[in-house]
**Student:** 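Got a structure here, written out as C-alpha cells. Questions coming.
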Amino acid sequence: MANENNFQDIIAHCKEYGYIFPSSEIYDGLSAVYDYGQNGVQLKKNIRDQWWKSMTQLQDNIVGIDAAIFMHPLTWKASGHVDNFSDPMIDNKDSQKRYRVDHLIEGHAEKLEQEGRKEEARALLAKMDSLLAKDDFPALKELILSNGIVCAVSGTANWSDIRQFNLMFQTQIGSVSGEADTIYLRPETAQGIFVNFLNVQKTGRMKIPFGIAQTGKAFRNEIVARQFIFRMREFEQMEMQFFVRPGTELDWYAHWKAERKKWHESIGIPADKLRYHDHVKLAHYANAAVDIEYEFPFGFKELEGIHSRTDYDLKQHQGLSKKKMQYYDNDLDENGKPYGNYIPYVVETSVGLDRLFLAVVSMSYKEEKWQKEDGTEDSRVVMRIPPKLAPYKLAILPLVKKDGLPEIARDLMHECKEFFHTFYEEKDSIGKRYRRMDAIGTPYCVTVDHQTKEDHTVTIRDRDNMTQERIHLNEVIQKIREAIK
RNA sequence: GCGGAAGUAGCUCAAUUGGUAGAGCGAUAGCCUUCCAAGCUAUAGGUUGCGAGUUCGAGACUCGUCUUCCGCUCCA
C-alpha cells in the first residue's frame, strides 16, 4: 500500500531521474514552484497530447484555442476574482482566525450604531475608507487597535500585521512606468475561452452543443505549498467548456462526468484508484459539480473537476462588455418553433495536468524484490509508466562495445528516432543498463548481440516482466509503434 | 500563520569531551566482454545551507537567518 514514506521516495526519484526539480534550487528554491526535467517534460507533453487528441481530434464538435495569459482586467472583474479575493486581511494570533479588514471594521461600526453612537460609527467608516484607498496598512491596524476591536472567537486584540491577500499575481502592462496599468496573470484558463466564445462560434460556424478546449498555464498566489507538485503557484490546466442549450445542461453534465472518468482509465489509471466526489456546497457559478479524485500516496484528492456553470460567466461578460453573448438556435422545439436566442449554458471539464502527472508517477513507481536462481536477492526500482506516456519508448543497447555491435545499434537508432523517442547507451554491463531504463520507465530495450550479425535478429526486453523475445531488426519499429498506440 | 524536527559530495550517511572533513553507492575516463545492480584502475566532486558570536581552534557550542519535512491553519 502507498504511504507517506513511499511518497518521499517518489519525490526523491523524480529528482534523481530528471523528472522534477525544485525551482531555482541553487538559490535555495522558490516555494511551491517546480521545474520539469528532461524526462518530466516528455511525460507531461505525452499526457497533454493524449488529452488534446481525445478532446479535439476525436470529437466532432469540439475545437481548441490558445488564449493569452494576459487578459483585460475587466475579465477578472466579471469572473468575480477581483472583488472576492484581493482584500487586506488580518489574523488573530490567539484564535488563528483570518478576517477581511473591511469586514472587521464594518462589523464594529455596526455595533456602535446599535449602541446609538452613530457619529462615531460614521467617522470610523470614513477613516477606514480613506486608509483603504491609500493602502495604509499600519494605520489601519492602529485604527483597529485604538477602537478596541477584538476577535469574536478569542475575544482578544492580539492581531497580526495587515497583509494584502492576493489570489492573483499582478504585473504591469506598458513599458513606461507611471503610465502602466495593473494586469493579472490568469488564475484559470476558462475565462480565455469565455471571452472568445463569439469569435469561435461565428468563425467556426459552430452549432450548439459544441465545445472549446484549451491547455495552458494558470497562476495562483496560494498561502502555503504542500504535497510536491499537487499544489503549485504556477500550474497547467487542461480545460474544455461545452456550450449547451439551457435545460439540457444536467444531461451533458452527466455525459461528461462519465466520459472523463473513462478517459482517465483509458490512459492507464486503474479504476479502483479513481472515484467521484460530488460537491455538496456549490460555488457561486455552478448548479452541479463533481470531482474525479485519484488515490495519491497522501489520500484521495481532486484530479479533475466537472462543473455545470450555468450561464453565469457569459452573462457576466455580457454585462461588463456590453456585447451580446447570444446564440440563435434554429433547431425546432416540441411546438415546431425555433428555440431562438439565448445565452448558452456551460458544462466545464477541468483537469490539472501537473496533478495528472503526479498521479501517473505515483501509480507507476515500484520498488521490487525477488529471489534469483542462485538464491540471492535481487531488486530494482521501476517506473511502470504506460508505454504511450513514457518519455522514451525504446532503448537500443549493444551487448558489448566492440565487434561492430555499436555500429548496428546506431543504424537501428537512426531509423527508430523518426518514429518515437529512442535512447542509446553502450556503457556498463547490460544488466546495469536495463536497471537504468527501468528507473526512468522506458518500456522496451532492444539488445544487439553477436547473433545479430548472423541473422539480423535482436532481443527485445519488456520492462514490466523482464522477459525477452528475439525478433528481426525489421520488426522493431512496427512492434514499438503497436505498443504505444 | 502557529508548533515540532532536520540541513555535511549527485544520493545514503560517518566524523569520540570542540582538534587535519571521510566512506559506500553514483558520475566521468580507461581496462575487461559477460543478457538483468554491486569485476579492475584512475579522476572529478565540499567556504559542512547562509551570517555573526564564543574559542588558540567550530561540522559540533550560542544567536540570527534561509530552506525543507511533519502536524495544525488556509486552499472561492
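Quick caveat: nothing in here was measured; it's all calculated off a predicted structure. Chain letters run A, B, ... following the sequence lines, proteins first, then strands; residues in each count from 1.
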**Student:** Identify the nucleotide, in any strand shown, that forms a Watson-Crick or G-U wobble pair with U62(B), with both distances under 3.5 Å; if there is none, say none.
**Tutor:** A52(B)
**Student:** Sticking with atom C1', work out how far G45(B) lies from U62(B), rounded to a whole angstrom.
**Tutor:** 32 Å
**Student:** How is Arg461(A) classified with respect to the nucleic acid when contacts are heavy atoms under 4.0 Å: base, sugar-phosphate, or nothing?
**Tutor:** base
**Student:** If each of Glu16(A) and Tyr434(A) is mapped to the nucleotide of RNA chain B with the nearest heavy atom, which maps nearer the 5' terminus, i.e. the 5' end?
**Tutor:** Glu16(A)
**Student:** Does a donor on one side chain sit under 3.5 Å from an acceptor on the other, for Gln191(A) and Asp313(A)?
**Tutor:** yes
**Student:** Looking across every strand, which nucleic acid part, if any, lies under 4.0 Å from Asp403(A) by heavy atom: base, sugar-phosphate, or nothing?
**Tutor:** nothing
**Student:** Decide whether Glu304(A) and His264(A) meet the rule of one side-chain donor and one side-chain acceptor closer than 3.5 Å.
**Tutor:** yes
**Student:** Any N or O donor-acceptor pair under 3.5 Å from the base of C35(B) to the side chain of Gln468(A)?
**Tutor:** yes
**Student:** Between A23(B) and U8(B), how far apart are the C1' atoms? Round to whole Å, please.
**Tutor:** 13 Å
**Student:** Which nucleotide wins on minimum distance to the side chain of Lys15(A), given the candidates C69(B), C36(B), C11(B)?
**Tutor:** C11(B)
**Student:** State which residue, out of Tyr17(A), Phe423(A), Phe420(A), fulfils the ring pair (Phe, Tyr, Trp, His ring centres under 6.0 Å) condition with Tyr392(A).
**Tutor:** Phe423(A)
**Student:** Which residue, Lys401(A) or Ile11(A), contacts RNA chain B at a nucleotide closer to its 5' end, judged by nearest heavy atom?
**Tutor:** Lys401(A)
**Student:** Starting at atom CZ of Arg435(A), determine the distance to atom C1' of C11(B), rounded to an integer number of angstrom.
**Tutor:** 18 Å
**Student:** What integer distance in Å separates Asp428(A):CG from C40(B):P?
**Tutor:** 14 Å
**Student:** Determine the interatomic distance between C1' on G24(B) and the same-named atom on C63(B); round to the nearest Å.
**Tutor:** 36 Å
**Student:** Can you tell me the base-pairing partner of U68(B)? Count Watson-Crick or G-U wobble geometry only, both distances below 3.5 Å, and say none if there is no partner.
**Tutor:** A5(B)
**Student:** Using the C1' atom on both, measure G57(B) against C61(B) and round to a whole Å.
**Tutor:** 13 Å
**Student:** Within this structure, what is the CZ-to-C1' distance between Phe298(A) and C69(B), rounded to whole angstrom?
**Tutor:** 15 Å
**Student:** Regarding Leu399(A), tell me which of base, sugar-phosphate or nothing describes its non-hydrogen contacts under 4.0 Å with the strands shown.
**Tutor:** base
**Student:** If U33(B) has a Watson-Crick or G-U wobble mate with both distances under 3.5 Å, name it; if not, just say none.
**Tutor:** none
**Student:** Once you apply a heavy-atom cut-off of 4.0 Å, does Asp449(A) come out as touching a base, just sugar-phosphate, or nothing?
**Tutor:** base
**Student:** If I take atom CH2 in residue Trp370(A) and atom P in nucleotide C36(B), what distance separates them, rounded to the nearest angstrom?
**Tutor:** 11 Å
**Student:** Among the nucleotides C36(B), U33(B), C75(B), which one has an atom lying closest to any side-chain atom of Lys402(A)?
**Tutor:** U33(B)
**Student:** With C1' as the reference atom in both, quote the distance from A37(B) to G53(B) in angstrom, rounded to an integer.
**Tutor:** 49 Å
**Student:** Any donor-acceptor pair under 3.5 Å linking the side-chain atoms of Gln214(A) with those of Thr189(A)?
**Tutor:** no
**Student:** Nearest-Å distance, CD (Gln8(A)) to C1' (U12(B))?
**Tutor:** 15 Å
**Student:** Is the phosphate of A27(B), meaning OP1 or OP2, less than 4.0 Å from a side-chain N or O of Arg436(A)?
**Tutor:** yes
**Student:** I want to verify a distance call: between A76(B), C35(B), A37(B), whose nearest atom is closest to the Lys432(A) side chain?
**Tutor:** A37(B)
**Student:** Counting only Watson-Crick or G-U wobble pairs whose two distances fall under 3.5 Å, which nucleotide matches G46(B)?
**Tutor:** none
**Student:** In whole Å, I'd like the distance from the NE2 atom of His13(A) to the C1' atom of G10(B).
**Tutor:** 15 Å
**Student:** Can you tell me how far P in A5(B) sits from the matching atom in G64(B), rounded to whole Å?
**Tutor:** 14 Å
**Student:** Against the six-membered ring of Phe300(A), is Arg275(A) placed for a cation-pi contact (under 6.0 Å from the centre, within 45° of the normal)?
**Tutor:** yes
**Student:** For the side chain of His81(A), starting at C-beta, report the closest nucleotide among A76(B), C36(B), C35(B).
**Tutor:** A76(B)
**Student:** Write down the distance separating the C1' atoms in A15(B) and C50(B), rounded off to the nearest Å.
**Tutor:** 22 Å
**Student:** Take Phe298(A) and Phe230(A), measure what ring pair (Phe, Tyr, Trp, His ring centres under 6.0 Å) needs, and give me the verdict at the end.
**Tutor:** CA-CA 10 Å; Phe298(A) 42 87; Phe230(A) 183 79; 5.5 Å; yes
**Student:** With rounding to the closest Å, how many angstrom separate the P atoms on U65(B) and G1(B)?
**Tutor:** 13 Å
**Student:** So, do Tyr19(A) and Tyr36(A) have ring centers that fall under 6.0 Å from each other?
**Tutor:** no
**Student:** Nearest whole angstrom, please: distance from the C1' of C11(B) to the CG of Asp9(A).
**Tutor:** 12 Å
**Student:** Identify the nucleotide, in any strand shown, that forms a Watson-Crick or G-U wobble pair with A15(B), with both distances under 3.5 Å; if there is none, say none.
**Tutor:** none
**Student:** Expressed as a whole number of angstroms, how long is the span from Tyr17(A):OH to G26(B):P?
**Tutor:** 10 Å
